[in-house]
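First the structure, in the form of structure tokens, and then the observations on it.
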There are 2 protein chains.
Amino acid sequence: MENKTKSLWKSRRTLNSSGLRITNQRTLLLDLIHRGEGHLDADELYRLAREKQPRISLSTVYRTLRMLKNLGLVEEVHFDESHHHYEVPPAKEHHHLVCLGCGKVVEIHKALSRYIKKNVADAKDFEIIDTELRMTGFCPDCRHKRE
Amino acid sequence: MENKTKSLWKSRRTLNSSGLRITNQRTLLLDLIHRGEGHLDADELYRLAREKQPRISLSTVYRTLRMLKNLGLVEEVHFDESHHHYEVPPAKEHHHLVCLGCGKVVEIHKALSRYIKKNVADAKDFEIIDTELRMTGFCPDCRHKRE
DNA sequence: CTCAGTGCAAAAGCTTTGCATAATA
DNA sequence: TATTATGCAAAGCTTTTGCACTGAG
């Protein structure tokens, strides 16, 4: 997809201009993260990475994720589990709809975001920086199975 | 506060009717959780508990929290950190506004919840079970300090 | 008296770190 | 060549578990 390639190049440029080296490991991990459907965790990424570079280490995965997070090139998302998930910070914010039946994750449209943000900011006199919305429930398929 | 006492008794009744024993440790932990301002983590709870019962163990804290969670008497909340926080599931849902300056946590009013829920449920044909909304930003105090 | 609950210590996940080696700029 | 990044192994944190003992019902 056109956008993914663009975003990949942006990442490489950021590394470069931060004086960081573009290694095979970093290239591979960036590629996997951009190619992936998001919501990868470190272990999953490690598993995928080893298919291409069997000698890559889990430390490198963690170190790379931390670095990318600090650069703002990936974001950490916190689900119910006790470990972190990572995704490319999309134009979209973190508005997820998670199916309790099959685990499917659906993105929620942005119009709501603006509405919520404005509403809360006004009511509480806060300057809102980030919004994270997570809803759980049952998708149509799983709902039918339950009935 | 009147409400906290009520909610404490509800918890004890739930334990009782589930055939679970009401021990000193459980009484103490329930009390601390209800007395607390919410968003306690296991370690903080352990620290507080030891002031009253020096021999209580961290395992007991974790076991009790898991039990209370399963009974629906406390809820696990996931913030940025890599460990869990617990709070009494209030009439209110998990709608938090967190100040990035001082860490203050403000509850968001419920009207929004209904609006969001209905909107998303309609648009995505999901049956929504739970909504978790977390916004970060700067409270009036911290905003002024920054300027 | 009995069995659920506890404390302790040990283990189990996930994540980070120290250090010698390898690879980039 | 000069550092930065890597792999490996070991350590660190948070959370869970096994087991013998304690205490609630």
Side-chain angles (χ1 to χ4, degrees), chain A residues 11-33 39-71 73-86, chain B residues 11-33 39-71 73-86:
Chain A
S11 301
R12 301 176 72 114
R13 255 182 287 118
T14 306
L15 287 203
N16 236 319
S17 62
S18 307
L20 295 162
R21 294 180 178 173
I22 295 181
T23 63
N24 291 335
Q25 291 89 332
R26 288 173 179 177
T27 303
L28 172 57
L29 291 172
L30 271 173
D31 189 46
L32 288 172
I33 292 167
H39 313 109
L40 290 163
D41 60 21
D43 218 59
E44 178 76 353
L45 202 48
Y46 179 46
R47 201 180 57 66
L48 292 171
R50 268 190 307 182
E51 290 175 9
K52 297 275 180 184
Q53 280 179 220
R55 292 185 44 81
I56 198 172
S57 79
L58 188 52
S59 326
T60 297
V61 173
Y62 276 109
R63 277 189 284 234
T64 303
L65 285 172
R66 185 161 24 136
M67 181 204 71
L68 294 175
K69 187 177 83 175
N70 290 339
L71 291 174
L73 296 176
V74 304
E75 286 193 1
E76 236 177 47
V77 191
H78 300 84
F79 286 100
D80 280 342
E81 308 110 79
S82 45
H83 59 276
H84 303 154
H85 283 231
Y86 297 87
Chain B
S11 300
R12 301 175 72 113
R13 255 182 287 118
T14 306
L15 288 202
N16 235 319
S17 62
S18 308
L20 296 163
R21 294 179 178 173
I22 295 181
T23 63
N24 291 335
Q25 291 89 333
R26 287 174 180 177
T27 303
L28 172 57
L29 291 172
L30 272 173
D31 190 46
L32 289 172
I33 292 168
H39 313 109
L40 291 162
D41 59 22
D43 218 59
E44 177 76 353
L45 202 48
Y46 178 47
R47 200 179 57 67
L48 292 171
R50 267 190 309 182
E51 290 175 8
K52 298 274 180 184
Q53 279 179 221
R55 291 185 45 82
I56 198 172
S57 79
L58 187 53
S59 325
T60 296
V61 173
Y62 275 108
R63 277 189 284 234
T64 304
L65 284 171
R66 188 162 20 138
M67 182 205 70
L68 294 174
K69 186 178 83 175
N70 290 338
L71 291 174
L73 296 176
V74 304
E75 287 194 1
E76 235 176 48
V77 191
H78 300 84
F79 285 100
D80 279 343
E81 306 109 80
S82 45
H83 59 276
H84 302 153
H85 283 230
Y86 298 85

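Labels below follow one simple rule: chain letters A, B, ... track the order of the sequence lines, proteins then strands, and each chain is numbered from 1.
- The separation between B:Y46 atom OH and D:dT16 atom P is 16 Å, rounded to whole Å.
- B:T64 places none of its side-chain heavy atoms less than 4.5 Å from the side chain of B:L45.
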Exercise for the section: Classify every nucleotide of nucleotides 20-25 of chain C by which part a protein heavy atom approaches to under 4.0 Å, writing B for the base, S for the sugar-phosphate alone and - for neither, in 5'-to-3' order. Expected result: ---BBS

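- If you take CG of A:N70 and P of C:dT16, they are 10 Å apart, rounded to a whole angstrom.
- Between the CD1 atom in A:I22 and the CZ atom in A:R12 there is a gap of 5.0 Å [rounded to 0.5 Å].
- The side-chain tip of A:R50 points at the ring of A:Y46 from less than 6.0 angstrom away and within 45° of straight on.
- The distance between atom CE of B:M67 and atom P of D:dT15, rounded to the nearest whole Å, is 17 Å.
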Practice task
Determine, stepwise, if the pair B:L29 / B:I56 fulfils side-chain contact (heavy atoms from CB on, under 4.5 Å).
Solution key: CA-CA 10 Å; B:L29 291 172; B:I56 198 172; 4.3 Å; yes

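- Taken from CG in A:L48 to CG in A:L28, the straight-line distance is 9.0 Å, to the nearest 0.5 Å.
- Of the side-chain N and O atoms in B:R26, none sit less than 4.0 angstrom from OP1 or OP2 of D:dG23.
- Taking atom CZ on A:R50 and atom P on D:dG7, their separation rounds to 12 Å, with Å as the unit.
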Practice task
Please report the C-alpha distance between B:L20 and B:L71 in whole Å, then the side-chain angles of each, then the deciding distance to 0.1 Å, and finally whether the side-chain contact (heavy atoms from CB on, under 4.5 Å) criterion is met.
Solution key: CA-CA 11 Å; B:L20 296 163; B:L71 291 174; 3.8 Å; yes

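- In this entry the distance linking CG of B:L65 with P of D:dT14 reads 14 Å, nearest Å.
- To the nearest 0.5 Å, atoms CG (B:L32) and CG (B:L40) are separated by 8.0 Å.
- Rounded to a whole Å, the CG atom of B:L71 is 14 Å from the C1' atom of C:dG5.
- The CG atom of B:L73 sits 11.5 Å away from the CG atom of B:L65 when rounded to the nearest 0.5 Å.
- The side-chain contact (heavy atoms from CB on, under 4.5 Å) check on B:K69 picks up B:V74, B:E76, with sequence neighbours excluded.
- As a whole-Å value, the separation of A:L45 CG from C:dC14 P is 15 Å.
- Of the residues in residues 55-63 of chain B, B:R55, B:I56, B:S57, B:S59, B:T60, B:R63 come within less than 4.0 Å of DNA chain C through at least one heavy atom, sorted by number.
- The CD-P distance, from A:Q25 to D:dC8, rounds to 11 Å in whole Å.
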